[in-house]
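Please read these numbers as outputs of a predicted model, since none were measured by experiment.
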Amino acid sequence: MYIRTSREQLLSDDRSFSLRQVAQRAEIEPAYLSKIERGVFAPPSEEVIVKLAEILGEDKDVLLAMAGKLSSDLQHIIFKRPKLFAELLRQLQEVPDHAVLRVVREVKDGQW
Amino acid sequence: MIELTENKLIIRRPDIHQHAVCEVDFQRTLRIPDDNQSYPLPPGLGRFPLEHVEDHADRLPSQWRKHGGVLLPMYQAEALWVNFNLPKHPDAIVDSYPFALKIATGKVNAVSGKLWSEIPESDPQDYVVLPSQQWLDGYCVQKGLIRQFVSMPLGSEFTAEEQITGEAVYGGIQIIAYPMKREWYEKLEQEAKQSRIDSDDFCVEFMAEAQCVGLGLAAGGLMRQEIYEDEYGIDAWDTTNPSRCFVHILNSEQWKSSTGKSMPTTPLSASDYTDAGLPWFEVDSGDTPNLEGSEILRELDSVATKEIKFGKKVLAENKPLKPSNVFLCTSNRVIDGAW
(Lines give C-alpha, C1' and ligand atoms only; values in the text may rest on other atoms or scores of the structure.)
Protein backbone atom coordinates (compact mmCIF):
# COMPACT_ATOMS: atom_id res chain seq x y z
CA MET A 1 0.00 0.00 0.00
CA TYR A 2 2.80 2.38 0.90
CA ILE A 3 4.44 1.94 -2.51
CA ARG A 4 1.13 2.59 -4.26
CA THR A 5 0.45 5.76 -2.24
CA SER A 6 3.96 7.02 -2.91
CA ARG A 7 3.73 6.28 -6.66
CA GLU A 8 0.28 7.86 -7.03
CA GLN A 9 1.47 11.03 -5.27
CA LEU A 10 4.30 11.32 -7.78
CA LEU A 11 1.93 10.45 -10.64
CA SER A 12 -0.28 13.46 -9.83
CA ASP A 13 2.60 15.69 -10.98
CA ASP A 14 4.40 13.45 -13.40
CA ARG A 15 2.77 10.98 -15.78
CA SER A 16 5.98 8.90 -15.97
CA PHE A 17 4.97 7.40 -12.60
CA SER A 18 2.17 5.34 -14.10
CA LEU A 19 2.05 1.68 -13.05
CA ARG A 20 3.30 0.55 -16.46
CA GLN A 21 6.24 2.98 -16.64
CA VAL A 22 7.42 2.39 -13.06
CA ALA A 23 7.22 -1.39 -13.63
CA GLN A 24 9.22 -1.02 -16.80
CA ARG A 25 11.97 0.96 -15.03
CA ALA A 26 12.04 -1.60 -12.20
CA GLU A 27 12.28 -4.40 -14.80
CA ILE A 28 9.16 -6.21 -13.56
CA GLU A 29 5.74 -6.96 -15.08
CA PRO A 30 3.04 -4.27 -14.47
CA ALA A 31 0.71 -7.00 -13.18
CA TYR A 32 3.33 -8.07 -10.66
CA LEU A 33 3.84 -4.46 -9.45
CA SER A 34 0.10 -4.08 -9.14
CA LYS A 35 -0.11 -7.19 -6.96
CA ILE A 36 2.83 -5.97 -4.80
CA GLU A 37 1.11 -2.62 -4.34
CA ARG A 38 -2.13 -4.28 -3.30
CA GLY A 39 -0.35 -6.68 -0.97
CA VAL A 40 -1.62 -9.68 -2.92
CA PHE A 41 1.88 -11.06 -3.30
CA ALA A 42 4.52 -11.43 -0.65
CA PRO A 43 7.10 -8.61 -0.73
CA PRO A 44 9.50 -8.86 -3.70
CA SER A 45 13.23 -9.50 -3.55
CA GLU A 46 15.69 -7.06 -2.03
CA GLU A 47 16.86 -6.13 -5.55
CA VAL A 48 13.35 -5.11 -6.65
CA ILE A 49 12.65 -3.19 -3.44
CA VAL A 50 15.92 -1.24 -3.82
CA LYS A 51 15.05 -0.42 -7.47
CA LEU A 52 11.55 0.75 -6.48
CA ALA A 53 13.00 2.87 -3.67
CA GLU A 54 15.37 4.55 -6.13
CA ILE A 55 12.59 5.21 -8.67
CA LEU A 56 10.16 6.56 -6.07
CA GLY A 57 12.79 8.52 -4.14
CA GLU A 58 12.17 6.53 -0.98
CA ASP A 59 14.69 5.33 1.58
CA LYS A 60 15.65 1.77 0.65
CA ASP A 61 16.23 0.75 4.28
CA VAL A 62 12.77 1.98 5.25
CA LEU A 63 11.12 0.12 2.34
CA LEU A 64 13.10 -3.03 3.15
CA ALA A 65 12.13 -2.79 6.82
CA MET A 66 8.44 -2.41 5.82
CA ALA A 67 8.85 -5.61 3.84
CA GLY A 68 10.36 -7.32 6.90
CA LYS A 69 13.81 -7.44 5.30
CA LEU A 70 17.29 -6.18 6.13
CA SER A 71 19.59 -5.05 3.32
CA SER A 72 22.40 -7.45 2.49
CA ASP A 73 25.11 -4.86 3.27
CA LEU A 74 23.73 -4.43 6.80
CA GLN A 75 23.44 -8.21 7.15
CA HIS A 76 27.07 -8.49 6.14
CA ILE A 77 28.13 -5.92 8.77
CA ILE A 78 26.19 -7.72 11.51
CA PHE A 79 27.24 -11.24 10.47
CA LYS A 80 30.89 -10.18 10.57
CA ARG A 81 30.68 -9.29 14.30
CA PRO A 82 27.29 -10.69 15.42
CA LYS A 83 27.85 -10.55 19.17
CA LEU A 84 29.15 -6.99 19.15
CA PHE A 85 26.39 -5.61 16.94
CA ALA A 86 23.66 -7.55 18.71
CA GLU A 87 24.83 -6.01 21.98
CA LEU A 88 25.09 -2.54 20.42
CA LEU A 89 21.61 -2.69 18.90
CA ARG A 90 20.05 -3.95 22.12
CA GLN A 91 21.71 -1.13 24.04
CA LEU A 92 20.43 1.41 21.52
CA GLN A 93 16.89 0.06 21.63
CA GLU A 94 15.60 2.58 24.18
CA VAL A 95 17.92 5.45 23.25
CA PRO A 96 16.22 8.54 21.74
CA ASP A 97 16.88 9.31 18.04
CA HIS A 98 19.13 12.30 18.65
CA ALA A 99 21.41 10.18 20.83
CA VAL A 100 21.50 7.28 18.35
CA LEU A 101 22.70 9.66 15.65
CA ARG A 102 25.80 10.35 17.71
CA VAL A 103 27.25 6.93 18.40
CA VAL A 104 30.62 7.31 20.06
CA ARG A 105 33.11 5.01 21.59
CA GLU A 106 32.93 4.94 25.37
CA VAL A 107 35.94 4.76 27.67
CA LYS A 108 35.45 1.44 29.37
CA ASP A 109 35.08 1.47 33.13
CA GLY A 110 36.08 -1.67 34.98
CA GLN A 111 36.37 -2.91 38.53
CA TRP A 112 38.62 -0.96 40.86
CA MET B 1 29.31 8.04 29.55
CA ILE B 2 32.90 9.07 28.90
CA GLU B 3 34.41 9.37 25.44
CA LEU B 4 38.02 9.97 24.50
CA THR B 5 38.56 12.65 21.85
CA GLU B 6 41.78 14.54 21.05
CA ASN B 7 43.37 13.35 24.30
CA LYS B 8 40.44 14.71 26.31
CA LEU B 9 37.96 12.78 28.40
CA ILE B 10 34.51 14.06 27.52
CA ILE B 11 31.89 13.22 30.11
CA ARG B 12 28.34 13.47 28.79
CA ARG B 13 25.18 12.93 30.80
CA PRO B 14 22.30 13.32 28.32
CA ASP B 15 20.22 11.15 30.65
CA ILE B 16 20.23 14.07 33.10
CA HIS B 17 20.38 17.03 30.71
CA GLN B 18 21.55 17.68 27.14
CA HIS B 19 23.76 20.50 28.45
CA ALA B 20 25.55 18.27 31.00
CA VAL B 21 28.99 17.95 29.41
CA CYS B 22 32.35 18.17 31.14
CA GLU B 23 35.84 17.85 29.65
CA VAL B 24 38.93 16.70 31.52
CA ASP B 25 42.46 16.63 30.16
CA PHE B 26 45.88 16.19 31.68
CA GLN B 27 48.42 18.92 31.03
CA ARG B 28 52.15 18.38 30.96
CA THR B 29 54.06 20.88 33.06
CA LEU B 30 57.35 21.70 34.75
CA ARG B 31 58.31 19.88 37.89
CA ILE B 32 58.70 22.79 40.31
CA PRO B 33 61.53 22.67 42.86
CA ASP B 34 60.65 20.60 45.90
CA ASP B 35 62.30 22.97 48.38
CA ASN B 36 59.38 23.95 50.63
CA GLN B 37 59.10 27.37 49.03
CA SER B 38 55.76 28.05 47.42
CA TYR B 39 55.75 28.70 43.67
CA PRO B 40 53.28 30.33 41.31
CA LEU B 41 51.43 28.25 38.71
CA PRO B 42 53.65 26.76 36.01
CA PRO B 43 52.45 26.74 32.38
CA GLY B 44 50.55 24.03 30.55
CA LEU B 45 52.90 22.44 28.01
CA GLY B 46 50.26 20.54 26.09
CA ARG B 47 48.01 17.57 26.76
CA PHE B 48 49.37 14.19 27.75
CA PRO B 49 48.45 11.61 25.10
CA LEU B 50 45.74 9.15 26.14
CA GLU B 51 44.90 5.71 24.75
CA HIS B 52 42.06 3.28 25.44
CA VAL B 53 43.21 0.40 27.68
CA GLU B 54 41.40 -2.19 25.56
CA ASP B 55 43.25 -1.11 22.40
CA HIS B 56 46.43 -2.49 23.94
CA ALA B 57 44.87 -5.12 26.20
CA ASP B 58 47.03 -7.98 24.92
CA ARG B 59 50.15 -6.14 26.07
CA LEU B 60 48.89 -5.03 29.46
CA PRO B 61 48.67 -6.76 32.83
CA SER B 62 45.31 -8.42 33.52
CA GLN B 63 44.69 -6.11 36.48
CA TRP B 64 44.86 -3.09 34.20
CA ARG B 65 42.43 -4.68 31.75
CA LYS B 66 40.08 -5.23 34.67
CA HIS B 67 40.31 -1.56 35.68
CA GLY B 68 39.50 -0.35 32.16
CA GLY B 69 40.01 3.34 31.46
CA VAL B 70 42.89 4.97 29.63
CA LEU B 71 46.70 4.95 29.47
CA LEU B 72 48.87 8.06 29.97
CA PRO B 73 52.66 8.21 29.47
CA MET B 74 54.70 10.35 31.84
CA TYR B 75 58.36 11.13 32.46
CA GLN B 76 59.48 11.34 36.05
CA ALA B 77 61.10 14.66 35.22
CA GLU B 78 57.75 16.28 34.51
CA ALA B 79 54.57 17.01 36.43
CA LEU B 80 50.89 16.93 35.64
CA TRP B 81 47.89 19.09 36.23
CA VAL B 82 44.29 18.23 35.63
CA ASN B 83 42.48 20.72 33.43
CA PHE B 84 38.70 21.10 33.57
CA ASN B 85 36.45 22.62 30.96
CA LEU B 86 32.69 22.90 30.73
CA PRO B 87 31.75 23.62 27.12
CA LYS B 88 28.72 25.82 26.66
CA HIS B 89 25.84 24.15 24.87
CA PRO B 90 24.63 26.32 21.94
CA ASP B 91 21.08 26.39 23.35
CA ALA B 92 22.14 27.08 26.94
CA ILE B 93 21.41 30.35 28.70
CA VAL B 94 23.98 29.82 31.46
CA ASP B 95 27.66 29.51 30.53
CA SER B 96 28.12 25.95 31.72
CA TYR B 97 26.47 22.96 33.36
CA PRO B 98 28.14 22.62 36.81
CA PHE B 99 29.81 19.35 37.80
CA ALA B 100 31.42 18.05 41.00
CA LEU B 101 34.53 15.93 40.43
CA LYS B 102 36.48 13.71 42.76
CA ILE B 103 40.11 13.17 41.82
CA ALA B 104 42.17 10.47 43.48
CA THR B 105 45.65 9.06 42.98
CA GLY B 106 46.10 5.43 43.92
CA LYS B 107 42.54 5.67 45.25
CA VAL B 108 43.55 8.34 47.77
CA ASN B 109 41.44 11.46 47.42
CA ALA B 110 43.61 14.41 46.32
CA VAL B 111 41.41 16.95 48.12
CA SER B 112 40.64 15.21 51.43
CA GLY B 113 43.39 12.58 51.66
CA LYS B 114 40.74 9.98 52.51
CA LEU B 115 40.39 6.61 50.87
CA TRP B 116 38.30 6.27 47.73
CA SER B 117 34.53 6.35 48.02
CA GLU B 118 31.93 6.58 45.30
CA ILE B 119 29.84 9.30 46.90
CA PRO B 120 30.78 12.95 47.42
CA GLU B 121 31.35 14.05 51.02
CA SER B 122 30.85 17.58 52.25
CA ASP B 123 32.56 17.41 55.64
CA PRO B 124 35.33 17.73 54.79
CA GLN B 125 34.61 18.49 51.13
CA ASP B 126 36.35 15.85 49.03
CA TYR B 127 35.60 17.12 45.54
CA VAL B 128 36.15 20.12 43.33
CA VAL B 129 33.32 22.11 41.79
CA LEU B 130 33.32 23.18 38.17
CA PRO B 131 33.23 25.81 36.71
CA SER B 132 34.78 27.64 39.70
CA GLN B 133 37.69 25.17 39.86
CA GLN B 134 39.46 25.42 36.52
CA TRP B 135 42.34 23.07 37.27
CA LEU B 136 43.95 20.95 39.96
CA ASP B 137 47.73 20.80 40.12
CA GLY B 138 48.23 18.61 43.15
CA TYR B 139 47.28 17.52 46.66
CA CYS B 140 45.38 20.06 48.72
CA VAL B 141 47.73 20.29 51.73
CA GLN B 142 46.91 23.67 53.17
CA LYS B 143 44.62 26.61 52.54
CA GLY B 144 45.86 28.13 49.27
CA LEU B 145 48.66 25.58 48.87
CA ILE B 146 48.94 22.31 46.99
CA ARG B 147 51.78 19.84 46.52
CA GLN B 148 52.38 19.19 42.86
CA PHE B 149 51.42 15.86 41.22
CA VAL B 150 54.70 14.19 40.23
CA SER B 151 55.12 10.60 39.12
CA MET B 152 57.08 7.95 41.00
CA PRO B 153 57.24 4.19 40.50
CA LEU B 154 54.69 2.30 42.52
CA GLY B 155 56.47 0.27 45.18
CA SER B 156 59.14 2.90 45.83
CA GLU B 157 57.28 4.17 48.94
CA PHE B 158 57.08 7.70 47.54
CA THR B 159 53.50 7.78 46.30
CA ALA B 160 50.63 9.26 48.30
CA GLU B 161 48.90 5.87 48.07
CA GLU B 162 51.80 4.07 49.74
CA GLN B 163 52.32 6.71 52.40
CA ILE B 164 48.64 6.73 53.37
CA THR B 165 47.56 3.10 52.86
CA GLY B 166 50.92 1.38 53.32
CA GLU B 167 50.28 -0.53 50.08
CA ALA B 168 51.19 -0.13 46.41
CA VAL B 169 48.12 -1.52 44.67
CA TYR B 170 46.45 0.92 42.26
CA GLY B 171 48.65 3.84 41.23
CA GLY B 172 47.33 6.06 38.45
CA ILE B 173 44.56 8.62 38.71
CA GLN B 174 40.89 7.96 39.39
CA ILE B 175 38.11 10.35 38.46
CA ILE B 176 34.42 10.31 39.25
CA ALA B 177 32.05 12.99 37.99
CA TYR B 178 28.65 14.06 39.29
CA PRO B 179 26.61 16.49 37.23
CA MET B 180 24.36 19.00 38.94
CA LYS B 181 20.82 17.75 39.46
CA ARG B 182 18.57 18.72 36.57
CA GLU B 183 16.19 20.76 38.73
CA TRP B 184 19.09 22.73 40.22
CA TYR B 185 20.40 23.53 36.76
CA GLU B 186 16.98 24.56 35.53
CA LYS B 187 16.78 26.95 38.48
CA LEU B 188 20.14 28.44 37.42
CA GLU B 189 18.78 28.81 33.90
CA GLN B 190 15.65 30.49 35.21
CA GLU B 191 17.76 32.92 37.25
CA ALA B 192 19.97 33.63 34.24
CA LYS B 193 16.93 34.22 32.07
CA GLN B 194 15.51 36.59 34.68
CA SER B 195 18.76 38.50 35.01
CA ARG B 196 18.91 38.82 31.22
CA ILE B 197 15.40 40.26 31.22
CA ASP B 198 16.36 42.60 34.06
CA SER B 199 19.45 43.80 32.26
CA ASP B 200 17.42 44.30 29.10
CA ASP B 201 15.25 46.55 31.15
CA PHE B 202 18.35 48.57 31.87
CA CYS B 203 19.84 48.18 28.51
CA VAL B 204 59.32 -3.65 22.61
CA GLU B 205 58.74 -6.24 25.17
CA PHE B 206 55.22 -6.71 26.27
CA MET B 207 54.54 -5.89 29.87
CA ALA B 208 54.49 -9.17 31.75
CA GLU B 209 52.25 -9.67 34.77
CA ALA B 210 55.28 -9.27 37.03
CA GLN B 211 55.95 -5.82 35.55
CA CYS B 212 52.47 -4.67 36.39
CA VAL B 213 53.80 -1.80 38.49
CA GLY B 214 52.89 1.38 36.72
CA LEU B 215 53.48 4.82 38.08
CA GLY B 216 51.74 6.43 40.98
CA LEU B 217 51.57 10.07 41.89
CA ALA B 218 53.54 11.53 44.75
CA ALA B 219 53.66 14.94 46.40
CA GLY B 220 56.14 17.30 44.75
CA GLY B 221 56.90 20.96 45.32
CA LEU B 222 54.56 23.48 46.92
CA MET B 223 52.43 25.67 44.71
CA ARG B 224 50.01 28.48 45.41
CA GLN B 225 46.58 27.27 44.35
CA GLU B 226 43.17 27.50 45.94
CA ILE B 227 40.64 24.70 46.02
CA TYR B 228 37.27 26.37 46.23
CA GLU B 229 34.41 25.54 48.55
CA ASP B 230 31.26 24.13 47.00
CA GLU B 231 29.08 27.20 46.48
CA TYR B 232 26.00 25.06 45.73
CA GLY B 233 26.13 22.51 48.59
CA ILE B 234 26.22 18.73 48.53
CA ASP B 235 22.52 18.37 47.62
CA ALA B 236 23.11 19.98 44.23
CA TRP B 237 24.87 16.92 42.79
CA ASP B 238 23.25 14.00 41.04
CA THR B 239 24.99 10.91 42.38
CA THR B 240 23.03 8.36 40.36
CA ASN B 241 25.28 6.40 37.98
CA PRO B 242 28.28 8.74 38.17
CA SER B 243 30.86 8.56 35.36
CA ARG B 244 34.21 7.07 36.37
CA CYS B 245 37.58 6.69 34.70
CA PHE B 246 40.82 5.01 35.74
CA VAL B 247 43.89 6.70 34.23
CA HIS B 248 46.89 4.35 34.25
CA ILE B 249 50.24 6.13 34.23
CA LEU B 250 53.04 4.46 32.28
CA ASN B 251 56.74 5.24 32.10
CA SER B 252 58.37 5.68 28.70
CA GLU B 253 59.35 2.02 28.30
CA GLN B 254 55.93 0.75 29.32
CA TRP B 255 54.24 3.22 26.97
CA LYS B 256 56.38 2.19 24.00
CA SER B 257 56.05 -1.53 24.62
CA SER B 258 52.31 -1.52 25.24
CA THR B 259 51.13 1.00 22.64
CA GLY B 260 53.99 0.86 20.13
CA LYS B 261 53.88 4.66 20.08
CA SER B 262 56.70 7.04 20.77
CA MET B 263 56.79 9.26 23.83
CA PRO B 264 56.18 12.98 23.67
CA THR B 265 59.31 15.14 23.67
CA THR B 266 61.34 15.19 26.86
CA PRO B 267 60.18 17.83 29.31
CA LEU B 268 61.76 21.18 30.03
CA SER B 269 63.28 21.72 33.43
CA ALA B 270 61.81 24.45 35.61
CA SER B 271 65.17 26.22 35.75
CA ASP B 272 65.57 26.22 31.92
CA TYR B 273 62.05 27.58 31.62
CA THR B 274 62.63 30.32 34.19
CA ASP B 275 66.07 31.24 32.79
CA ALA B 276 64.46 31.73 29.38
CA GLY B 277 62.19 34.35 30.98
CA LEU B 278 59.01 32.41 30.20
CA PRO B 279 55.89 33.20 32.23
CA TRP B 280 54.53 31.70 35.43
CA PHE B 281 51.02 32.46 36.57
CA GLU B 282 49.23 33.65 39.69
CA VAL B 283 45.45 33.67 40.03
CA ASP B 284 43.57 36.33 41.91
CA SER B 285 40.33 34.68 42.93
CA GLY B 286 39.15 37.56 45.08
CA ASP B 287 37.08 36.60 48.10
CA THR B 288 36.00 33.17 46.85
CA PRO B 289 36.05 30.88 49.92
CA ASN B 290 38.53 28.04 49.64
CA LEU B 291 39.25 24.83 51.50
CA GLU B 292 41.55 24.60 54.50
CA GLY B 293 43.53 21.69 53.08
CA SER B 294 43.68 18.14 54.30
CA GLU B 295 45.46 17.26 57.52
CA ILE B 296 46.10 13.79 56.11
CA LEU B 297 47.73 15.17 52.97
CA ARG B 298 49.69 17.73 54.99
CA GLU B 299 51.47 14.79 56.65
CA LEU B 300 52.70 13.45 53.30
CA ASP B 301 56.44 13.49 52.77
CA SER B 302 57.28 15.22 49.54
CA VAL B 303 59.56 13.36 47.13
CA ALA B 304 62.60 15.42 48.23
CA THR B 305 61.86 14.77 51.93
CA LYS B 306 61.54 11.04 51.24
CA GLU B 307 64.84 11.06 49.36
CA ILE B 308 66.56 12.68 52.32
CA LYS B 309 64.95 10.11 54.66
CA PHE B 310 66.26 7.34 52.38
CA GLY B 311 69.74 8.88 52.62
CA LYS B 312 69.78 10.03 49.00
CA LYS B 313 71.16 13.30 47.72
CA VAL B 314 68.69 16.06 46.91
CA LEU B 315 68.43 16.37 43.14
CA ALA B 316 69.77 19.44 41.33
CA GLU B 317 66.25 20.10 39.96
CA ASN B 318 65.22 21.09 43.46
CA LYS B 319 67.54 24.08 43.54
CA PRO B 320 65.35 27.07 44.52
CA LEU B 321 64.12 29.31 41.70
CA LYS B 322 62.97 32.89 41.60
CA PRO B 323 60.41 33.19 38.81
CA SER B 324 60.48 36.87 37.84
CA ASN B 325 58.01 36.80 34.99
CA VAL B 326 54.76 36.11 36.85
CA PHE B 327 51.45 36.97 35.20
CA LEU B 328 48.56 37.82 37.47
CA CYS B 329 45.27 36.63 36.03
CA THR B 330 41.75 36.84 37.31
CA SER B 331 40.59 34.00 35.09
CA ASN B 332 42.30 31.41 32.95
CA ARG B 333 39.79 31.73 30.18
CA VAL B 334 40.59 33.39 26.92
CA ILE B 335 37.24 34.72 25.78
CA ASP B 336 36.42 34.01 22.18
CA GLY B 337 33.94 36.28 20.46
CA ALA B 338 31.99 36.20 17.23
CA TRP B 339 34.24 36.53 14.18
Side-chain angles (χ1 to χ4, degrees), chain A residues 1-3 5-6 9 43 46 49-50 52-54 56-112, chain B residues 1-18 21 23-24 50-57 60-72 91 104-107 115-118 161 169-177 214 241-248:
Chain A
M1 269 314 270
Y2 182 83
I3 290 177
T5 311
S6 170
Q9 270 175 2
E46 180 185 340
I49 294 175
V50 171
L52 287 172
E54 280 170 11
L56 301 173
E58 294 288 335
D59 187 291
K60 66 174 179 147
D61 290 315
V62 172
L63 280 194
L64 282 165
M66 290 171 90
K69 292 172 189 276
L70 190 62
S71 72
S72 48
D73 62 325
L74 290 178
Q75 283 183 41
H76 181 69
I77 292 168
I78 295 167
F79 290 164
K80 223 171 158 187
R81 292 188 287 180
K83 200 176 164 195
L84 184 70
F85 278 96
E87 193 184 334
L88 176 69
L89 292 172
R90 283 193 187 103
Q91 279 189 24
L92 291 175
Q93 197 177 3
E94 303 297 330
V95 176
D97 290 2
H98 65 269
V100 175
L101 286 171
R102 198 178 176 288
V103 177
V104 290
R105 184 177 178 195
E106 196 170 353
V107 173
K108 193 183 163 198
D109 186 25
Q111 290 178 303
W112 41 275
Chain B
M1 68 169 294
I2 302 183
E3 90 184 66
L4 172 58
T5 304
E6 295 170 344
N7 297 319
K8 271 188 299 192
L9 297 173
I10 304 178
I11 302 161
R12 292 180 201 278
R13 290 301 302 272
D15 55 320
I16 291 174
H17 200 289
Q18 280 304 310
V21 180
E23 297 177 350
V24 178
L50 297 172
E51 291 275 325
H52 286 275
V53 161
E54 68 263 40
D55 285 359
H56 310 287
L60 294 170
S62 59
Q63 200 59 28
W64 289 27
R65 296 198 296 268
K66 204 172 132 195
H67 292 159
V70 294
L71 305 172
L72 176 154
D91 301 333
T105 72
K107 291 184 76 173
L115 300 186
W116 181 257
S117 78
E118 300 272 322
E161 175 184 0
V169 180
Y170 295 101
I173 303 168
Q174 295 76 36
I175 295 174
I176 189 163
N241 305 315
S243 310
R244 308 188 321 162
C245 185
F246 196 118
V247 182
H248 299 269

(request) Kindly check if the number of other-residue, nucleotide or ligand heavy atoms within 6.0 Å of CD (B:Glu118) is above 12? (result) yes
(request) Among the options B:His67, B:Met1, B:Lys66, B:Arg244, pick out the one with the most heavy-atom pairs lying under 4.5 Å from chain A. (result) B:Arg244
(message) For A:Glu106 versus B:His52, what's the shortest heavy-atom pair and its separation?
(response) O-CE1, 3.9 Å
(message) Can you tell me how the ring of A:Trp112 sits relative to the ring of B:Phe246, calling it parallel under 30°, perpendicular over 60° and tilted otherwise?
(response) perpendicular
(message) Testing B:Val247, B:Leu9, B:Val53 one by one against A:Val107 for a side-chain contact (heavy atoms from CB on, under 4.5 Å), which residue passes?
(response) B:Leu9
Per-pair distances, 0.1 Å, donor-acceptor, side chain in residues 59-71 of chain A, under 3.5 Å, sequence neighbours excluded:
residue, atom, partner, partner atom, Å
A:Asp59, OD1, A:Asp61, N, 2.8
A:Asp59, OD1, A:Val62, N, 3.1
A:Ser71, OG, A:Asp73, OD1, 2.4

(request) Select one option (side chain, backbone, both, neither) describing which atoms of B:Ile11 are under 4.5 Å from chain A's heavy atoms. (result) neither
